[in-house]
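Just the heavy atoms: all of them, side chains too, but no hydrogens, waters or symmetry mates, feed the values below. For ligands, and for the atoms within them, numbers begin at 1 and follow the listed sequence.
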Amino acid sequence: MQLYNSLSHSKEEFVPNQPGKVSMYTCGPTVYHYAHIGNLRTYLMEDILDRYLRYSGYDVTRVMNITDVGHLSSDADTGEDKMLKGAKREHKTVMEIAKFYTDCFFSDCEKLHIRRPEVVQPATGCIDDFIKVISALLEKGYAYLAGGNVYFDTSKLKQYYVFHNFEEEDLAVGVREGVEEDGNKRNKADFVLWFTKSKFDDQELKWESPWGVGYPGWHIECSCISMKYLGERLDIHCGGIDNAFPHHTNEIAQSEAYIGHKWCNYWFHVLHLNTTSGKMSKSSGEFLTLSLLEQKGYDPMVYRFFCLQSHYRKSLVFSYENLDNAKIAYKKLIAKIAALKEDGPIDDAVFAAQKEKFLQAMDNDLNTALAVTALYDALKISANDATKLALIREYDKVLCLGLTDAAESSTPEVPAANDALIREIEEQINARKAAKAAKNYAEADRIRAELAARGITLIDTKEGTTFRIEGA
Ligand code: AMP
Ligand code: ZN
């Protein structure tokens, strides 16, 4: 299997440390609010990696942290603590907020068929582990005390910027965020391992430590939780692309300084889901959650399908038009599967040849877009229905779109009436296109309005016009 590795900036043959076994670490959510559908895209594509490794026969152990302390509103050491902000917003304690949003996160994951990792570890449960590693880093000379905080000294490393060649000057995170830089740092890239002092409101959660009562930085938690459960040689570390710097860069710095050798072999980063106006955010614009999509009538499987239609290393634009297209395509797919019958023995030769296409797509850096194409191809081949159904079931072990379940519970449509309606709508779309081309906008508007009155909404996309039938 070929997997893109952010460390080498290239696709590499995946070879785990121990034959047949994979250790996989995933940066978990910061539980101060609901996950937005961008966050969920990352977990969904990581789930595909997890499931495909298992499908390929690996014994996977996956660990995820829950960030319930230490993540500041900038990903570096400046800004307010996200958990504290959440608690203030809702007039609750940090632990109440953490519990509530952790449950919401896993409920979203369940709806999206995202497997729960073997180990889910909240950061607040591992303070002693953080203190142990920070103490060792101080002892080895990789960390220093300044102004009450413990900092990692990045100048002690041969190479700090492992993913990109950042220049120190480009790194003025604090300046970019409109926050003063931390004068305690010896080097601009240094980061906090343990805080006892912050210029922001006092932390609610604090622990005794050799350096005073305080709390850990965000980065140390992932290094320690990963090493605690998966040891000093990790196969795959996952996260969204924004985590590559500074979070993962800092994780590598402190982990390798601590253990004295290479820590993780493969870095798997998922590109972002953006809105048409840019970055997806929890604080501005529409807060796009899975529940919001459900309220608007979208099945979580439609969102999973939408994500699988593109490769994880391409950023993806979310719009309701794009999601509507996925919804229509998913419904059509289910209808086609629902029409298949168990009509005899499976044709093993055809099955094997078709499955090869799916494996090739997935082995090529998890090309889910091509795997979805293989799914459509399985419906088109000249074989009996039983062979097609067997292929769909096989692919769905990895894609987990609930295809055959959805097909079994779908109400059969009246094909003749449905086809006639679809033909009529398509004719109307063509007539409207012709009217627009002739600059007869009144006629184009009339066609759209007449269809709208019948519960049929036309959706204009770059690729052309599609439609949505109310209640369909
Ligand atoms: P957080 O809860 O902020 O720690 O983020 C959870 C995960 O979502 C991390 O792996 C982030 O890298 C990822 N993430 C954040 N924004 C997006 C986005 N717009 N699209 C995809 N993943 C994202
Ligand atoms: Zn992390």
Next on the checklist: So, regarding D242 and ligand 1 (criterion: nitrogen or oxygen to nitrogen or oxygen, under 3.5 Å), is there a contact or not?
Outcome noted: yes
Item to check | Min N/O separation E46 to ligand 1 under 3.5 Å | outcome: no
Checklist entry - Should T42 be counted as touching ligand 1, given the test is an N or O pair under 3.5 Å? => result yes
Item to check | SB check D324 K296 (cutoff 4.0 Å) | outcome: no
Item to check | Numbered atoms of ligand 1 (with element) below 4.0 Å of N243, judged on heavy atoms | outcome: 9 (C), 10 (O), 11 (C), 12 (O)
Checklist entry - Among all protein non-hydrogen atoms, which one is nearest to atom 4 (O) of ligand 1, and what is the separation to 0.1 Å? => result T30 OG1, 2.9 Å
Checklist entry - Measuring to the Zn ion (ligand 2), does C222 have an N/O/S atom at a distance below 2.8 Å? => result yes
Checklist entry - Does a salt bridge link R54 with E118, judged by any charged N lying under 4.0 Å from a carboxylate O? => result yes
Checklist entry - Backbone or side chain, does any N or O of G240 fall under 3.5 Å from an N or O of ligand 1? => result yes
Checklist entry - Between NE2 of H247 and SG of C27, what angle is found at the Zn ion (ligand 2), rounded to 10 degrees? => result 120°
Item to check | P29: numbered ligand 1 atoms lying under 4.0 Å from its heavy atoms | outcome: 2 (O)
Checklist entry - Do any nitrogen or oxygen atoms of L273 come within less than 3.5 Å of a nitrogen or oxygen of ligand 1? => result yes
